[in-house]
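In what follows, a structure is listed as structure tokens, so that the remarks can point back to it.
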Amino acid sequence: MIELLKTLCSLDGVSGCEDNVRDFIRQQAAPYADSIRTDALGNLKVFKKGRKETGNKLLLAAHMDEVGLIITHIQENGFLKFDFVGGVDRRVAIGKPVLIGPNRVPGVIGLKAIHLVSREERKKAPKTDSLYIDIGAKDKASALNLVSLGEYGTFVSEPEEFGQGLFKAKAIDDRVGCAIMLELLREDLPLDVTFAFTAQEEVGTRGAFAAAFSVTPQVALVLETTTAADLPDVSPGKRVCAPGKGPVVSYMDGGTIYDRNLFETLRRLAEGNQIPWQTKEYIAGGNDARTIQRTKTGVRVAAISAAVRYLHAPASVGSIADFDNMLKLTRLFLDEMAQQL
């Protein structure tokens, strides 16, 4: 699965512009799908029949989009002003290389020179409007030949394995969930499953609403990532989870209280099959489950996540073993749902 994940993380797919990711996933999924379609918001919905006919009762969801930026103004001197798409920590963006627009024009995020910054300014994270992108243009006319207003930008990060079983890349959030669902699509499934590769999660879980509303499942499992915060300067009480300790099975996060029976089912399956697992020790984050849960008369939701350091940064870090164990636990969950639905 790691090679598939490398390919997915190398694709650009900022919220609202998931086309490259969706096209690749559609190509990979088509040979195994009984039906496949894209809706008006850009969600890719794939239905595959299983050994037990259950129709649309079970939904698996993972979002295709990633955080990035969008061009808002071109200055007379050729520098670009921009805003972030999704929640990006401004402190980690300075000096980072980016690619702009369909032509992937290279640029660098810049900030006022350090010798011009006051002592007070140095104590604070820079505001977005103080940042700019340098694409090497000598003036506005030259810049307009390369980029246009409203074009998206993505961070540059080469996917790679490193350290002791770790993986580094942009967009691990949530290409790992997409990779797991593609792996499952290739397999003989115990029941019918609708796979929703959702759009615009990073800007308010927007795509998930349309996806769930059209499917109307009884149960939904969200495959995601979640912030780890297992770093040296973080107190133990605020370390949400840690890479390498197994998939994260959530009971609650910033947007959802998960179905307790489904939570207990995942815990039982993990412990009964010697799959390491963990849960959140600090309530943080949110995902498509918060929207899916509130669809029509309500949906029972659960989530399996990978603990990932530096979420929404130019490079995130997760554990390859955790990714593999997410896939194993999801397979067991499907077997369980085939008995219950």
Which residues share a salt bridge (charged side-chain N to carboxylate O under 4.0 Å, His left out) with [X], sequence neighbours left out:
| X | result |
| --- | --- |
| E151 | none |
| K6 | E3, E161 |
| R294 | none |
| E187 | R331 |

Polar side-chain atom of [X] near backbone of [Y] as donor-acceptor pair, under 3.5 Å:
| X | Y | answer |
| --- | --- | --- |
| D65 | A199 | no |
| K81 | L131 | yes |
| D34 | K49 | yes |
| Y251 | K280 | yes |
| Q278 | A242 | yes |
| T279 | V249 | yes |
| K52 | A338 | yes |

Check whether any side-chain heavy atom of [X] lies under 4.5 Å from a side-chain heavy atom of [Y], and answer yes or no.
| X | Y | value |
| --- | --- | --- |
| I275 | L269 | no |
| T38 | F197 | no |
| Y258 | D253 | yes |
| Y152 | T154 | no |
| V21 | R175 | yes |
| D192 | E53 | yes |
| I133 | I71 | yes |
| P159 | L5 | no |

**Request:** Carefully, step by step, assess R309 and L166 under the rule side-chain contact (heavy atoms from CB on, under 4.5 Å).
**Result:** CA-CA 11 Å; R309 296 175 186 148; L166 297 179; 4.1 Å; yes

Is [Y] reachable from [X] through a run of hydrophobic residues whose side-chain heavy atoms are each under 4.5 Å from the next?
| X | Y | value |
| --- | --- | --- |
| F162 | Y310 | yes |
| L58 | L184 | yes |
| V105 | I109 | yes |
| M1 | L332 | yes |

**Complete:** What one should report as the nearest heavy-atom pair of C9 and A169 is CB-CB, 3.8 Å

**Prompt:** Of all heavy-atom pairs between Q200 and E18, which one has the smallest distance, and what is that distance?
**Reply:**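 Of all heavy-atom pairs spanning Q200 and E18, the closest is N-OE2, 2.9 Å.
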
In residues 208-221, what donor-acceptor pairs under 3.5 Å come from side-chain atoms, sequence neighbours left out?
from, atom 1, to, atom 2, distance (Å)
S214, OG, K45, NZ, 2.7
S214, OG, A210, O, 3.2
S214, OG, A211, O, 3.0
T216, OG1, F213, O, 3.2
T216, OG1, K296, NZ, 2.8

**Item:** Residue pairs involving residues 193-204 (criterion salt bridge (Lys or Arg N to Asp or Glu O under 4.0 Å); sequence neighbours excluded)
**Value:**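 Residue pairs with at least one partner in residues 193-204: there are none.
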
**Request:** Mind telling me whether F84 and F82 have parallel, tilted or perpendicular rings, with 30° and 60° as the class edges?
**Result:** perpendicular

**Asked** If you measure from the Lys or Arg side-chain nitrogens to the Asp or Glu carboxylate oxygens, is any gap between E264 and R260 under 4.0 Å?
**Response**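 Salt bridge: yes.
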
**Message:** side-chain contact (heavy atoms from CB on, under 4.5 Å), that's the test. Do L262 and V301 meet it? Break it down for me.
**Reply:** CA-CA 7 Å; L262 294 178; V301 294; 5.7 Å; no

**Test log, rule salt bridge (Lys or Arg N to Asp or Glu O under 4.0 Å), inputs D23 and R26** = CA-CA 5 Å; D23 290 348; R26 187 183 189 104; over 6 Å; no

**Item:** Atom NZ of K140 with >12 non-hydrogen neighbours under 6.0 angstrom
**Value:**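 Yes - once you tally the heavy atoms of other residues, nucleotides and ligands closer than 6.0 Å, there are more than 12.
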
**Message:** Taking atom CG as the centre, does L144 end up with more than 12 heavy-atom neighbours from other residues, nucleotides or ligands that are less than 6.0 angstrom away?
**Reply:** yes

**Prompt:** Of the options D322, L327, I320, which is the one that meets D324 in a side chain to side chain contact (heavy atoms under 4.5 Å, CB included)?
**Reply:** I320

**Request:** Can you spot which of N325, L266, I304 makes a side chain to side chain contact (heavy atoms under 4.5 Å, CB included) with T330?
**Result:**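 Only match with T330 under side chain to side chain contact (heavy atoms under 4.5 Å, CB included): I304.
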
**Prompt:** With a 3.5 Å cut-off and no angle check, do the side chains of D139 and S142 form a donor-acceptor pair?
**Reply:** yes

**Criterion salt bridge (Lys or Arg N to Asp or Glu O under 4.0 Å) on D12 and R104, from CA distance to verdict** = CA-CA 10 Å; D12 299 333; R104 309 191 86 211; 3.0 Å; yes

**Request:** Assess whether side-chain contact (heavy atoms from CB on, under 4.5 Å) is satisfied between L8 and I25, documenting all intermediate values.
**Result:** CA-CA 9 Å; L8 284 165; I25 292 174; 4.0 Å; yes

**Request:** Could you give me the CA-CA distance, side-chain angles and deciding distance for L334 and L60, then say whether side-chain contact (heavy atoms from CB on, under 4.5 Å) is met?
**Result:** CA-CA 10 Å; L334 296 185; L60 264 58; 4.0 Å; yes

**Full working for side-chain hydrogen bond (donor to acceptor under 3.5 Å, both in side chains) between D89 and H312** = CA-CA 7 Å; D89 186 344; H312 297 181; over 6 Å; no

**Message:** What verdict does the side-chain hydrogen bond (donor to acceptor under 3.5 Å, both in side chains) test give for D288 and T291, after you've listed the backbone C-alpha separation in whole Å, the side-chain angles of each residue and the deciding distance to 0.1 Å?
**Reply:** CA-CA 6 Å; D288 278 340; T291 296; 5.6 Å; no

